[in-house]
2 protein chains.
Amino acid sequence: MKNKVKGGQMLPLNSILGGDCVEVMNSLPENSVDLIFADPPYNLQLRGDLHRPDNSKVDAVDDAWDQFASFETYDRFTRDWLKAARRILKPNGAIWVIGSYHNIFRVGAALQNEGYWILNDVVWRKSNPMPNFRGKRFTNAHETMIWASKSEGAKYTFNYEALKSLNEGVQMRSDWVLPICNGGEREKDENGDKAHPTQKPQSLLHRILVGSTNPGDVVLDPFFGTGTTGAVAKMLGRDFIGIEREEAYRKVAEKRLSRIRKFDRETLEVSTSKRSEPRVPFGQLVERGMLRPGEELWSMNGRHKAKVRADGTLIGDDIKGSIHQVGAALEGAPSCNGWTYWCFKKDGQTIPIDLLRQQIRAEMI
Amino acid sequence: MKNKVKGGQMLPLNSILGGDCVEVMNSLPENSVDLIFADPPYNLQLRGDLHRPDNSKVDAVDDAWDQFASFETYDRFTRDWLKAARRILKPNGAIWVIGSYHNIFRVGAALQNEGYWILNDVVWRKSNPMPNFRGKRFTNAHETMIWASKSEGAKYTFNYEALKSLNEGVQMRSDWVLPICNGGEREKDENGDKAHPTQKPQSLLHRILVGSTNPGDVVLDPFFGTGTTGAVAKMLGRDFIGIEREEAYRKVAEKRLSRIRKFDRETLEVSTSKRSEPRVPFGQLVERGMLRPGEELWSMNGRHKAKVRADGTLIGDDIKGSIHQVGAALEGAPSCNGWTYWCFKKDGQTIPIDLLRQQIRAEMI
DNA sequence: CTCTCGTCTGAATCAACAG
DNA sequence: CCTGTTGATTCAGACGAGA
């Protein structure tokens, strides 16, 4: 454990503290921490069991630490830890909080009420989320993070150029596409099961710490879990303080951190994933008014036609379905690329719909 | 103006009402509206002017309607209109609210406090956002929408299959990539300037209305602006009610709506789920001689078999019951869809019994 | 070694209806 | 109201077995 003296009080750097996070934070000196990353309980309020269509059971987050009696209880909990966190934050420090729609609105309002100043909300768009198995809602494909300074007008840290580099030379946006934490990165317990139900990916913390701290800064995480914040902080040459109530999680985190080595500068380069051409649903052409419901499309060979429907399907003689399905059926073929098969007419000209897809792709870059 | 009588009170359909939205909503009959889409003031709290790198000035939202004295004032405003909105919503109705990090956390918390039940938060990811000119924060590239039912357990409308079709056959996620409203879609005032500072794109409303309303539903927008909600509702064969305080916006909206044409009926029909198809008792297959009592059925995986009985139940080894019960028992699963689980053999081929159900359904049309 | 195929899993407020 | 029955519903990616 490294220690820093701060106004006569010691700062327990690069260690994991047990106990209730509010009490522990209150025991630390005020104005002493550069960044706080917090992943508090989401208060999911799940009802019964959930099964996948193949009848396997979803391993839900039903841990005691996620149970709150009411919104009021949760709000009080939130207010308390945000207040304690704000006291130990340096005047130019900042906080990141992550949550889902179950809790993030209450957390955001509490942040504002406590005097924090919201700088951005950032959406973590999961590239591989769990689907909605009952077809009753949208796939829950994102979580929300709030980035806030200690107060309005504070000089927070923002490494604009570093983030721009991470983003292939263009300004980093408020939506980040990153995969969830699985595979070898996921910490396992002694039985080989996942050690923590909600472990966050290192890529997320990497971007946060590169963007809003400098080497040598102190990063505190009041809900440390298996220690992703500490692991990434250590790699990036930042100091961390973790607080975690559950001994089992602390043990996993200690072991994990002992394995982590600080990055050499060259390994700091993240591997950029190869970007394939984004998939454009045909329905978007309808939503965006490029094609009107009711408009007729013609097959490339001019032999067939079909009408566009409001949901992005086609209706022909006795056949309904996607552009691909209807094309295949009309041609009696096993499959058909609807994008190159169908054309629309404009000013007497026959134009393949693929041209519209290319327009959308051009906008997406 | 079309009118609907609702419990003795008139519903002013397809018209734009002037005045304060709370007062107007309170004058409407309770439980009368299917969907509310609301784009309330964001309470942006901008300080001073913003200039682009080329020194041109950004035309900011500095209208009087976006000024609130404090969070408390904004919260009271939010609570009031959410309460009024909830009263006029049908029990199985739903609401969509859009906002940014300035206001959405307060709106979301207020929704929960008023008894709405959040179904999803949906991120509108802008494909062409305005950059952050000062390089001090992330590009503000998204806005957040909250979708909520009137109360927990309500039977809200969700056109799962239609949305899936709009998304090239995979289920719609909670993050939507759509461009901002510009070009010819942007309404202009008599000077050729943008008529409203925060006009929403029609594509956004298209997806919302296709997904969470049916043709003939009543859609109310308490902050109507230049009438995007009304325009898309009209196109899609939904009725709308707009409320807008500012006469200038009402005039633009009236003109806009007069230009809109409704799509044809057949193109408005969207793909429906199997859930809406009529139930067919398995016993009917036996009664109609499609399966004979004593005939053997095989499980899809070929591992189990059972015999059909005259009353439409199955009998396997040590187990009797419905096609679902026997399937579940043999698989040791909590439940089983017997229609897709069991197959019969004909001419050496293995055919799922669901095919027979489809034949019966086809006759029922 | 490569490739294919089957299996497993992830912060989830996840059913409707008849009796 | 509650209870039991019917029956609708999944995407991306990692991993291991087997060819």
Side-chain angles (χ1 to χ4, degrees), chain A residues 39-63 65-68 71 98-104 124 126-144 177 179-186 193-194 196-201 223 225 273 279, chain B residues 112 116-121 147-149 151-156 158 160-161 164 167-174 272-277 279-283 301 312-313 321-325 327-328 333-342 353-354 357:
Chain A
D39 182 9
Y42 289 6
N43 188 22
L44 287 187
Q45 307 169 66
L46 303 176
R47 306 302 191 213
D49 288 345
L50 178 64
H51 293 88
R52 298 186 181 79
D54 66 3
N55 268 324
S56 61
K57 189 171 168 225
V58 174
D59 184 17
V61 178
D62 53 2
D63 306 73
W65 49 255
D66 198 44
Q67 309 295 326
F68 294 84
F71 282 137
I98 185 167
S100 68
Y101 67 84
H102 309 84
N103 70 325
I104 198 65
W124 169 27
K126 303 179 187 183
S127 56
N128 50 348
M130 185 167 71
N132 184 294
F133 295 116
R134 308 304 286 263
K136 298 304 294 178
R137 303 187 181 186
F138 299 97
T139 308
N140 227 311
H142 76 275
E143 293 187 23
T144 301
V177 181
I180 61 176
C181 178
N182 58 12
E185 191 187 318
R186 190 90 193 207
D193 298 324
K194 59 185 175 191
H196 192 284
T198 72
Q199 187 181 338
K200 295 295 175 287
F223 307 98
S273 58
R279 193 174 48 85
Chain B
Q112 293 178 313
Y116 291 94
W117 191 248
I118 297 182
L119 300 167
N120 275 116
D121 61 336
W147 175 42
S149 60
S151 55
E152 186 182 356
K155 291 197 191 74
Y156 53 91
F158 184 60
Y160 177 75
E161 290 293 339
K164 199 169 165 178
N167 198 33
E168 198 82 337
V170 293
Q171 70 178 205
M172 187 70 79
R173 300 169 38 120
S174 61
T272 53
S273 93
K274 278 190 201 164
R275 263 189 271 264
S276 56
E277 295 187 62
R279 285 191 177 208
V280 177
F282 174 72
N301 54 29
T313 56
S322 71
I323 51 173
H324 316 292
Q325 289 165 336
S335 71
C336 169
N337 183 346
W339 288 107
T340 51
Y341 180 76
W342 293 107
I353 59 172
D354 201 37
R357 181 170 66 160

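Proteins come first, then strands; the chains are lettered A, B, ... in the order of their sequence lines, and each starts at number 1.
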**Request:** Please state how far atom CD1 in B:I353 lies from atom P in D:dT6, giving the value in whole angstrom units.
**Result:** 12 Å
**Fill in**
Quick note, A:P53 side chain, CB onward, closest among D:dT10, C:dA11, D:dG7 is D:dT10
**Message:** Do the side chains of A:E143 and A:K126 get close enough for a salt bridge, i.e. N-O under 4.0 angstrom?
**Reply:** yes
**Message:** From CE of A:M130 over to P of C:dG10, roughly how many Å is that when rounded to an integer?
**Reply:** 9 Å
**Asked** Any sub-3.5 Å donor-acceptor pair from A:T144's side-chain atoms to A:G99's backbone N or O?
**Response** no
**Asked** Relative to the 5' end of DNA chain C, which residue comes earlier, B:R279 or A:W124, by the nucleotide with the nearest heavy atom?
**Response** A:W124
**Asked** Picking from D:dT6, C:dA11, D:dA8, which would you name as closest to the side chain of B:R357?
**Response** D:dA8
**Request:** Calculate the interatomic distance between A:N132 atom CG and C:dG10 atom P; express it in whole Å.
**Result:** 17 Å
**Request:** Return the nearest nucleotide to the side chain of A:P131; candidates are C:dA12, D:dT9, D:dC11.
**Result:** D:dC11
**Item:** Nearest listed nucleotide, side chain of A:L44, among C:dA11, D:dT9, C:dT9
**Value:** C:dA11
**Message:** Applying a 4.0 Å non-hydrogen cut-off, can you work out what B:S322 is touching in the nucleic acid: base, sugar-phosphate, or nothing?
**Reply:** sugar-phosphate
**Item:** Between D:dT9 (P) and A:H51 (NE2): distance, integer Å
**Value:** 18 Å
**Asked** Could you walk me through whether B:F282 and B:W342 pass the side chain to side chain contact (heavy atoms under 4.5 Å, CB included) check?
**Response** CA-CA 11 Å; B:F282 174 72; B:W342 293 107; over 6 Å; no
**Prompt:** With both distances under 3.5 Å as the test, what is the Watson-Crick or G-U wobble partner of C:dC14?
**Reply:** none
**Message:** Please give the distance between the C1' atoms of D:dT10 and C:dT9 as a whole number of Å.
**Reply:** 12 Å
**Asked** Does C:dC3 have a Watson-Crick or wobble partner in any strand here, with both distances under 3.5 angstrom, and which is it?
**Response** D:dG18
**Message:** Can you work out whether A:Q45 or A:P129 has the more 5'-proximal nearest nucleotide on DNA chain C?
**Reply:** A:P129
**Asked** Which is true for A:D39 with a 4.0 Å heavy-atom rule: it touches a base, it touches only sugar-phosphate, or it touches nothing?
**Response** base
**Fill in**
Between CG of A:N140 and P of D:dT9 the distance, given in whole Å, is 20 Å
**side-chain N/O B:N337 vs D:dA8 OP1/OP2, d < 4.0 Å** = yes
**Asked** For the side chain of A:Y42, counting heavy atoms from C-beta on, which of C:dC17, D:dT10, C:dA11 is nearest?
**Response** C:dA11
**Under-4.0 Å side-chain N/O to phosphate OP1/OP2 contact, A:K194 with C:dG10** = yes
**Asked** Side chain of A:N182: nearest nucleotide among D:dA14, D:dA8, D:dT9?
**Response** D:dA14
**Prompt:** So does B:R275 get a side-chain nitrogen or oxygen closer than 4.0 Å to the phosphate oxygens (OP1/OP2) of D:dA8?
**Reply:** no
**Request:** Answer yes if the side chains of B:S322 and B:H324 hold a donor-acceptor pair under 3.5 Å, and no otherwise.
**Result:** no
**Request:** For C:dC14 and C:dA18, measure between their C1' atoms and round to the nearest Å.
**Result:** 22 Å
**Prompt:** When the ring planes of B:Y156 and B:W147 are compared, do they come out parallel, tilted or perpendicular, using 30° and 60° as the limits?
**Reply:** perpendicular
**Prompt:** Reckon A:T198 touches a base, only the sugar-phosphate, or nothing at all at heavy-atom distances under 4.0 Å?
**Reply:** base
**Prompt:** Does C:dA15 have OP1 or OP2 sitting under 4.0 Å from an N or O in the side chain of B:Y160?
**Reply:** no
**Prompt:** Whole Å only: how far is the CZ atom of A:F133 from the P atom of C:dC14?
**Reply:** 13 Å
**Message:** Need the pair for D:dG7. Rule: Watson-Crick or G-U wobble, both distances under 3.5 Å, any strand; none if unpaired.
**Reply:** none
**Item:** Under 3.5 Å donor-acceptor, A:K57 side chain and A:N55 backbone
**Value:** no
**Asked** At under 4.0 Å between heavy atoms, what does B:I323 touch on the DNA or RNA strands: base, sugar-phosphate, or nothing?
**Response** nothing
**A:G184 vs A:N55, nearer the 5' end of DNA chain D by closest nucleotide** = A:N55
**Prompt:** Is the phosphate of D:dT9, meaning OP1 or OP2, less than 4.0 Å from a side-chain N or O of B:Q171?
**Reply:** no
**Asked** Which part of the nucleic acid does B:K164 contact within heavy-atom distance under 4.0 Å: base, sugar-phosphate only, or nothing?
**Response** sugar-phosphate
**Request:** Scan B:P281 against the nucleic acid and name what it touches under 4.0 Å (heavy atoms): base, sugar-phosphate only, or nothing.
**Result:** nothing
**Request:** Using the C1' atom as the reference point in each nucleotide, state the distance between D:dA17 and C:dC1 in Å, no decimals.
**Result:** 16 Å
**Message:** With a 3.5 Å distance limit and no angle check, can you tell me whether B:Q171 reaches the backbone of A:N132 through a side-chain donor-acceptor pair?
**Reply:** yes
**Message:** Taking any heavy-atom pair under 4.0 Å as a contact, classify B:E161: base, sugar-phosphate, or nothing.
**Reply:** sugar-phosphate
**Request:** Name the nucleic acid region contacted by B:C336, choosing base, sugar-phosphate or nothing; use a 4.0 angstrom heavy-atom cut-off, strictly under.
**Result:** base
**Request:** Before accepting this row, confirm whether a basic side-chain N of the pair A:R47/B:E152 lies closer than 4.0 Å to the acidic partner's carboxylate O.
**Result:** yes
**Pair partner, C:dT9 [Watson-Crick or wobble, under 3.5 Å]** = D:dA12
**Message:** For a quick test of reading the model: is some side-chain N or O of B:H324 closer than 4.0 Å to OP1 or OP2 of D:dG7?
**Reply:** yes
**Prompt:** Below 4.0 angstrom from OP1 or OP2 of D:dA12, is there any side-chain N or O of A:S127?
**Reply:** no
**Touch class at under 4.0 angstrom, heavy-atom based, for A:P40 against every strand present** = base
**Request:** Please state whether the phosphate of C:dA16, meaning OP1 or OP2, lies under 4.0 angstrom from any side-chain nitrogen or oxygen of A:K136.
**Result:** yes
**Asked** B:E152 near the nucleic acid: base, sugar-phosphate alone, or nothing, with a heavy-atom cut-off under 4.0 Å?
**Response** nothing
